[in-house]
Structures are given as C-alpha cells and as structure tokens.
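Take a look at the structure below.
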Amino acid sequence: QQDNLLFLWSITVSIFGIGGLLGSSGSRYLTVKFGKKKCLLCNNVLMIVAATIMGCSKISQSFEMILIGRFMCGVSLCVPLHHQYVGEISPRKLRGFANSTSSFFWTLGKAIGQISGQRELLGSQSLWPMLMASCGLPALVQLVTLPFFPESPPYLLMQKGDQEGCKKAIRQLWGEGQHQAEIDDIMKEKAAMKNTKILSVLELVREPAFRWQLYMIVTLTATIQLCGINAV
C-alpha cells in the first residue's frame, strides 16, 4: 500500500508536465488560427474548470479529480501565451520590462503558494481543497478583465492582414499619437517572415546550425527539472 501511495503521488506531480507537453506542442497552431487573446481566454476557462475539479476532490472522495485537474493546469499554463501577448501589446520602450514581468510573477506565485501551503494557513486537513482551488482566482480575474483589451496588433496585421484593426488596437493600447514607426516595424517583420521557413521539431533537431543551441537549452531545462522544483 505504501508503494502504491508513493506511485500515485508521483503520477500526481508528474502529470502536470505531461499536460504541459501537450499544451506547448499545440500552441503555435492555436495562436496562429485563433489569436493570442482568444487562446488566453480559453486558457482561463480551462484553469477555472481545473481549479473547480481539484477543489471538489475531497467532497467527492476522488483522487482521480486531482489528477485530471493537475493535467488541465499543465495544459493551460504551458501554452506560452502570456509573455508573448504582453510583449506584443507593450510600447517598444517598455517591451523588455513587460516581458520580464512574466518570470517575476511566475516566481511570486510559487512563493505565495509555498507560504499558503503551510499547515498554519491553507495546508491543514480541512483547508487543502481551498488551496488546490486557489489557482482559479488569477484565471478568473484575467477572464473578467481581458475582454476589455484588444487583440495583439502584430497578430492583426501579420496573420489577419487587418491594418485598420491594427491601428485601432494600437490607439486603444498606447493612446492617440504617431505610431507609424511601430506599424512599419511590424510590416518589416511580416516581410521577413515570408522568406523564413518555419521548422518543425524534427527539422529543428536535424538542423546542424542549431545543434549547440539545442544542446544548451536541453541541458538547462533538464537541470531545472531534475533539481526537484516540480516536487516542491
């Protein structure tokens, strides 16, 4: 029984990464077809559903609900949209700062989760379902506020070819003024993308020019996973 319990806890921890693998694999297709804003809204709905399932697991006396919720959380969190959307809607002078906020709040969220998980707070036997469901609160806030924001201007211009929609989104985000330089930059990027071949994962592995960069990324990512942060 102890071995079975250890196996179940191991699956509960690792299934988050399995969901993340699935979510990250389909992220490019989803963002190109539906846009980053719509995908973020769907991500929020998925996270709220996952939080509800995990929060009701104790009442239902079902550990399978925790597995399902963790898997759905992995799918939702590992679709890399937040930093892309924030970077694309930010003015050029604030773009670097805006991109760095994703890592900051990711780390802050982990710290808050660790503190909240103490037995004196939400880690007690009676309150742990509330701790599991708390991940739905930020998703709910974003689900309510995100509809007031426009779609990403680069997506509107590069993927949809909607120059007027792009200008309208830029004015809504950055205010009235001369933004033709930013639009020209997006047009240059669009022209450059036409002559750039998008590599699949298999083609990227086989490409000698990216071999050492790929080795470095794999090594760093594997080191992060093996350090035990997921188990924590």
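Count residues from 1 along the sequence.
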Stepwise side chain to side chain contact (heavy atoms under 4.5 Å, CB included) check, F63 with S57: CA-CA 6 Å; F63 72 89; S57 60; over 6 Å; no
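- Screening residues 32-43 for salt bridge (charged side-chain N to carboxylate O under 4.0 Å, His left out), with sequence neighbours left out, gives K36-E88.
- Between I115 and L121 the shortest side-chain heavy-atom distance falls below 4.5 Å.
- With hydrogens and angles disregarded, no donor-acceptor distance shorter than 3.5 Å links the side chain of D162 to the backbone of L157.
- No donor-acceptor pair under 3.5 Å is formed between the side chain of W9 and the backbone N or O of N4.
- Rounding to the nearest 0.5 Å places OG of S90 at 10.0 Å from OH of Y85.
- Taking CG of L67 as the start and CD1 of I53 as the end, the distance is 11.5 Å to the nearest 0.5 Å.
- Looking at every heavy atom in both residues, C39 comes nearest to F34 through SG-CB, 4.2 Å.
- Residues K58 and S126 share a closest heavy-atom pair of NZ-CA, 3.6 Å.
- Heavy-atom minimum distance, G165 versus L156: O-CD1, 3.5 Å.
- Counting only heavy atoms from C-beta outward, the side chains of P129 and I59 never approach each other to under 4.5 Å.
- Panel note: side chain Q142, backbone L137; no donor-acceptor pair is recorded below 3.5 Å.
- Here the closest non-hydrogen pair linking Y155 and T31 is CE1-O, 3.3 Å.
- In this structure, L127 and L131 have side chains that are not in contact, with every pair of non-hydrogen atoms separated by 4.5 Å or more.
- C135 and M132 make their closest contact through SG-O, 3.5 Å (heavy atoms, listed as atom of the first residue, atom of the second, distance).
- Remark: the backbone N or O of N43 is paired with a side-chain donor or acceptor of S76 at under 3.5 angstrom.
- Neither M65 nor W128 shares a network with the other; the hydrophobic side chains, linked directly or stepwise wherever heavy atoms of I, L, V, M, F, W or Y lie under 4.5 Å apart, form separate groups for each.
- Taken from SG in C56 to CD in Q61, the straight-line distance is 13.0 Å, to the nearest 0.5 Å.
- Within the 4.5 Å cutoff, the side chain of K168 has no heavy atoms near those of the P150 side chain.
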field: Check against side chain to side chain contact (heavy atoms under 4.5 Å, CB included), I48 and L143
entry: CA-CA 9 Å; I48 292 172; L143 183 64; 3.7 Å; yes
- Message: If you apply the rule side chain to side chain contact (heavy atoms under 4.5 Å, CB included), what do you find for M54 with R70, and how did you get there?
- Response: CA-CA 8 Å; M54 292 189 294; R70 287 274 298 173; 4.2 Å; yes
